Amino acid sequence: MKRAVFPGSFDPVTLGHLDIIERALPLFDEIILAIGINLDKKYMFSLEERVRFLEETFKGESKIIVKTYNGLTVDFCVKEKAAFILRGLRNTIDLEFEKTIGQTNYRLAGIETVFLISSPGKSHISSTVVRDIKKHGGDYSILVPDAVPNK
Ligand code: ADP
């Protein structure tokens with residue numbers, strides 16, 4: 001069973017995440033969308049909302065499971081028997097950031113990170129931009145799946 005964990009804050013899930021997840025589906029038997037809980041971080045959407053947006057977006061997709069976790073991503077992968085971490089790359093800043101984490105996770109637990117480069121036209125999308133637009137009362141519907149309310 002090829003199982004991957006796609007870790008993130010998903011605050012909120014965007015069409016950029018969707019792009020990576022949908023293109024990764026043929027590569028794995030199961031993908032766990034894993035929302036990491038970081039008590040030091042302030043989120044715009046509650047944990048319950050972020051779980052609900054993911055579940056609604058992928059309802060009917062039997063290969064996708066939504067979970068939350070505390071602590072190290074590699075510890076969660078070991079617990080879930082997932083040999084792979086999935087991450088998306090938008091640009092060289094993402095690459096530099098992800099490189100050391102991926103190398104460290106491999107040394108810590110032998111877990112390989114599989115990187116997919118965002119599709120053309122998707123690399124400008126980020127949860128940060130969605131949150132900024134929301135904060136200023138703007139319309140962010142072209143950046144998120146239908147499950148995320150636009151107001
Ligand atoms: P984190 O807080 O861990 O960065 P995010 O929810 O922001 O979590 O992102 C989770 C993953 O999705 C990361 O690998 C990130 O690079 C990827 N990602 C986010 N937006 C895009 C996008 N537009 N194209 C490709 N990958 C993306």
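The first residue of the sequence shown is numbered 1, and numbering continues consecutively from there. For clarity, every value in this text was computed on a predicted model and none was experimentally measured.
Looking at residues two or more places apart in sequence or on another chain, you find a side-chain hydrogen bond (donor to acceptor under 3.5 Å, both in side chains) between K41 and S9. By the side-chain hydrogen bond (donor to acceptor under 3.5 Å, both in side chains) test, D139 is found to be paired with S141, N150, residues two or more places apart in sequence or in another chain being considered. Scored by the salt bridge (charged side-chain N to carboxylate O under 4.0 Å, His left out) test, E49 finds no partners at all (sequence neighbours excluded).
Residues R23 and D19 are paired through a salt bridge, judged by an N-O separation under 4.0 Å between the basic side chain and the carboxylate.
A side-chain donor-acceptor contact under 3.5 Å links R3 to the backbone of K81. The backbone N or O of P7 lies less than 3.5 Å from a partner atom in the side chain of R87, making a donor-acceptor pair. Judged by distance alone, with hydrogens and angles left aside, the side-chain atoms of T14 form a donor-acceptor pair with the main-chain N or O of H17 at under 3.5 Å. Between the S127 side chain and the P12 main chain, a donor and an acceptor come within less than 3.5 Å of each other.
Across all their heavy atoms, D11 and M44 have their closest contact at OD2-N, 2.9 Å. Of all heavy-atom pairs spanning V13 and V144, the tightest one is O-CG1, 3.7 Å. Counting all heavy atoms, side chain and backbone alike, R90 lies closest to S126 at NH1-CB, 3.3 Å. Residues L143 and I125 share a closest heavy-atom pair of O-CG2, 3.8 Å.
Clustering ILVMFWY residues whenever any of their side-chain heavy atoms sit less than 4.5 angstrom apart, transitively, puts I142 in the very cluster that holds I20. Hydrophobic clustering of Ile, Leu, Val, Met, Phe, Trp and Tyr side chains at less than 4.5 Å, counting indirect connections, keeps L86 apart from V5. Hydrophobic clustering (side-chain heavy atoms under 4.5 Å, transitive across Ile, Leu, Val, Met, Phe, Trp, Tyr) keeps L27 apart from I32. A continuous path of hydrophobic side-chain contacts links V51 to I31 [ILVMFWY only; heavy atoms under 4.5 Å]. No continuous path of ILVMFWY side-chain contacts below 4.5 Å connects I85 to V66, so the two sit in separate hydrophobic clusters.
Rounding to the nearest 0.5 Å gives a distance of 9.0 Å between OG1 of T68 and CD of E48. To the nearest 0.5 Å, atom CG of residue L15 and atom NE2 of residue H124 are 9.0 Å apart. The structure places CG of L54 at 9.5 Å from CZ of F6, a figure rounded to the nearest 0.5 Å. With rounding to the nearest 0.5 angstrom, the NZ atom of K2 is 6.0 Å from the CZ atom of F84. Taken from OG1 in T57 to CG in L33, the straight-line distance is 9.5 Å, to the nearest 0.5 Å.
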Check residues 101-118 and write down every donor-acceptor pair under 3.5 Å in which the side-chain atom is one partner and the other belongs to a residue at least two apart or another chain.
| unit_1 | atom_1 | unit_2 | atom_2 | d |
| --- | --- | --- | --- | --- |
| T104 | OG1 | T100 | O | 2.6 |
| N105 | ND2 | I101 | O | 3.4 |
| S118 | OG | L89 | O | 3.4 |

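The list of salt bridge (charged side-chain N to carboxylate O under 4.0 Å, His left out) pairs with a residue in residues 59-72, not counting sequence neighbours, reads K67-E80. Among residue pairs with one or both ends in residues 37-75, those qualifying as ring-ring contact (aromatic ring centres under 6.0 Å, His included) are F45-F53, Y69-F76; sequence neighbours excluded.
Within the 4.5 Å cutoff, the side chain of I37 has heavy atoms near those of the L39 side chain.
No more than 12 heavy atoms of other residues, nucleotides or ligands shown are found within 6.0 angstrom of CG on D146.
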